[in-house]
Amino acid sequence: MIKKCLFPAAGYGTRFLPATKAVPKEMLPILTKPLLQYGVEEALSAGITNMAIVTGRGKRAIEDHFDNSFELDMQLSGTSKEFHLKEIKEIIKNSTFTYVRQKQMLGLGHAILTGEPLIENEPFAVILADDLCDCDESGIISQLIKIYNKYKCSVVAIEEVPMYQTSKYGIIAGKLVDETRDTYRVTNMIEKPEPKDAPTNMAIIGRYILTPDIFDILRNTKPSKGGEIQITDALLTQAKQGKVIAYKFKGKRFDCGSIKGYIEATNYFAKHQGIV
Ligand code: G1P
């Protein structure tokens, strides 16, 4: 059973400066909800109630967001504006939040390793809140948990991207294991290869189920692309033992780490909620 979800949320969000100078990038809103709240809702909808967040300096707004605000509660209680807080209060009631600070920005793999004391020795989900997803039925983490329950090894969500974009993603190669043609046993994975070096156009998006042996592997993973410790490299160690499955998730994803994706997501959700 997957009970915990790790949210790496220590990055600087340089692409959104100056907005992210004092506001964590995970707190940027799509309509009225911060990106991280969408991720937490996705985890909750998969039956996960323990949210483990890897933060860093200047990220205190995250803790305040997922906590009661007695002053606001008092002000709005019994007024017509009370409903604005309903969703977030439900989340606070139904989840436990734990935090650890990443002291140095040494990459996504390092951020995940920093979360080890919050996760301990059990399989866990990972959500990168930058990748905002909208699915018709179950969220991506629910979809990955189904796959995990079948294969009992690490699982990554993938999507086909145009070949010229391979240098933005971890790219996998694998063998189909399922007649539905959406599940692969991973044989190779490379972090952000140039198109000429990319084995396929199947890109990892920010949703993972990881088995806890990943922590020991990460401890022994050397920095690579960009001088950072990459989760993709650690997963390759598992993949070489046949222990990584890639799954083409069902749903729509927005890269909210880019301004273009952020605008697309805003327009999409505004349209879906009948605002424009
Ligand atoms: C990270 C991972 C990459 C993955 C991507 C998904 O990169 O390192 O393998 O494809 O997330 O969003 P980042 O976007 O943090 O540079």
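Throughout, residue positions are numbered sequentially from 1 according to the sequence presented.
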- is_close_aromatic(Tyr262, Phe254), centroid dist under 6.0 Å: no
- Could you label the plane-to-plane angle of the Phe215 and Phe124 rings as parallel, tilted or perpendicular, counting under 30° as parallel and over 60° as perpendicular? parallel
- Determine yes or no for a side-chain-to-main-chain donor-acceptor pair under 3.5 angstrom, with Gln230 supplying the side chain and Lys225 the backbone. yes
- I would like to know whether Ile214 and Leu235 meet side-chain contact (heavy atoms from CB on, under 4.5 Å); could you show each step before the answer? CA-CA 7 Å; Ile214 201 75; Leu235 279 164; 4.2 Å; yes
- Should we say atom CZ of Arg219 is surrounded by more than 12 heavy atoms from elsewhere, each under 6.0 Å from it? yes
- Message: Would the distance check show the side chain of Lys250 and the main-chain N or O of Lys248 forming a donor-acceptor pair, the cut-off being under 3.5 Å?
- Response: yes
- Message: Contact between Thr55 and Gln102 at the side-chain level, heavy atoms closer than 4.5 Å - yes or no?
- Response: no
- Message: Are the side chains of Asn188 and Leu236 in contact, using a 4.5 Å heavy-atom criterion?
- Response: yes
- Item | side-chain contact (heavy atoms from CB on, under 4.5 Å) between Leu44 and Met51, worked out | CA-CA 9 Å; Leu44 269 174; Met51 313 298 166; 3.7 Å; yes
- Measure the shortest side-chain to side-chain distance between Ser258 and Arg15 over non-hydrogen atoms and say whether it is less than 4.5 angstrom. yes
- Item | side-chain hydrogen bond (donor to acceptor under 3.5 Å, both in side chains) evaluation trace for Ser224 with Glu191 | CA-CA 9 Å; Ser224 64; Glu191 180 68 6; over 6 Å; no
- For Gln241, look at atom CD and say whether over 12 heavy atoms of other residues, nucleotides or ligands are found less than 6.0 Å away. yes
- Please collect all ring-ring contact (aromatic ring centres under 6.0 Å, His included) contacts where either partner lies in residues 74-113, sequence neighbours excluded, each pair once. Phe66-Phe97
- Message: My understanding is that only residues two or more places apart in sequence, or in another chain, count here; which of them pass side-chain hydrogen bond (donor to acceptor under 3.5 Å, both in side chains) with Gln143?
- Response: none
- Hey, are the side chains of Glu26 and Lys59 touching, using non-hydrogen atoms and a 4.5 Å cut-off? yes
- Going by heavy atoms in the side chains, are Thr20 and Tyr12 under 4.5 Å from each other? no
- Task: Return yes if some donor-acceptor pair links the side-chain N/O of Thr166 with the main-chain N/O of Pro193 below 3.5 Å, else return no.
- Result: yes
- Please confirm whether the backbone N or O of Tyr169 pairs with a side-chain atom of Lys192, one donor and one acceptor, at under 3.5 Å? no
- Kindly say whether Leu128 contributes a backbone atom to a donor-acceptor pair with the side chain of Arg207 at under 3.5 angstrom? yes
- Hey, is the main chain of Phe70 close enough, under 3.5 Å, to the side chain of Asn68 for a donor-acceptor pair? no
- Message: Taking NZ in Lys33 as the centre, count heavy atoms belonging to other residues, nucleotides or ligands within less than 6.0 Å. Is the count above 12?
- Response: yes
- Scan Ile140, Ile48, Leu36, Ile141 and name whichever one has a side-chain contact (heavy atoms from CB on, under 4.5 Å) with Ile127. Ile141
- Over all heavy atoms of both residues, which pair between Ser167 and Glu194 is shortest? Give the atoms and the distance, please. CB-OE2, 4.0 Å
- Is atom CZ of Arg60 surrounded by more than 12 heavy atoms (other residues, nucleotides or ligands) closer than 6.0 Å? no
- Task: Verify, without hydrogens or angle tests, whether Thr98 (side chain) and Leu118 (backbone) share a donor-acceptor contact under 3.5 angstrom.
- Result: no
- Message: Test side-chain contact (heavy atoms from CB on, under 4.5 Å) on Gln238 and Thr211; report intermediate values, then the result.
- Response: CA-CA 9 Å; Gln238 289 186 331; Thr211 53; 3.0 Å; yes
- Message: Donor-acceptor pair, distance only, cut-off 3.5 Å: does the side chain of Ser77 make one with the backbone of Met74?
- Response: no
- Considering all heavy atoms, the nearest Val186-Ile245 contact: CG2-C, 4.1 Å
- Backbone N/O of Gly206 and side chain of Asp131: donor-acceptor pair under 3.5 Å: yes
- Message: Show, in sequence, the C-alpha distance, side-chain angles and deciding distance for Lys93 and Glu90, and conclude whether the salt bridge (Lys or Arg N to Asp or Glu O under 4.0 Å) test is met.
- Response: CA-CA 5 Å; Lys93 196 173 88 194; Glu90 277 297 301; 3.4 Å; yes
- Task: Please answer whether the main-chain N or O of Cys256 pairs with a side-chain N or O of Asp130 as donor and acceptor at a distance below 3.5 Å.
- Result: no
- Message: Checking Leu210 against Val126 for the side-chain contact (heavy atoms from CB on, under 4.5 Å) test, could you report, in this order, the C-alpha distance in whole Å, the side-chain angles of both residues, the deciding distance, and whether it holds?
- Response: CA-CA 8 Å; Leu210 300 176; Val126 176; 3.7 Å; yes
- Query: If we only count heavy atoms from C-beta on, is the Arg253 to Asp255 side-chain gap below 4.5 Å?
  - Reply: yes
- Any chance you could lay out the side-chain hydrogen bond (donor to acceptor under 3.5 Å, both in side chains) test for Gln37 and Glu41, step after step, and finish with the verdict? CA-CA 6 Å; Gln37 187 175 330; Glu41 287 175 0; 3.1 Å; yes
- Verdict with supporting geometry, Lys86 and Glu82, salt bridge (Lys or Arg N to Asp or Glu O under 4.0 Å): CA-CA 7 Å; Lys86 195 167 170 272; Glu82 205 174 359; over 6 Å; no
- Item | Heavy-atom side-chain contact between Ile119 and Glu116 under 4.5 Å | no
- Which ILVMFWY residues are connected to Met163, directly or by a chain of links, through side-chain heavy atoms under 4.5 Å apart? none
- Message: Are the side chains of Phe249 and Asp182 in contact, using a 4.5 Å heavy-atom criterion?
- Response: no
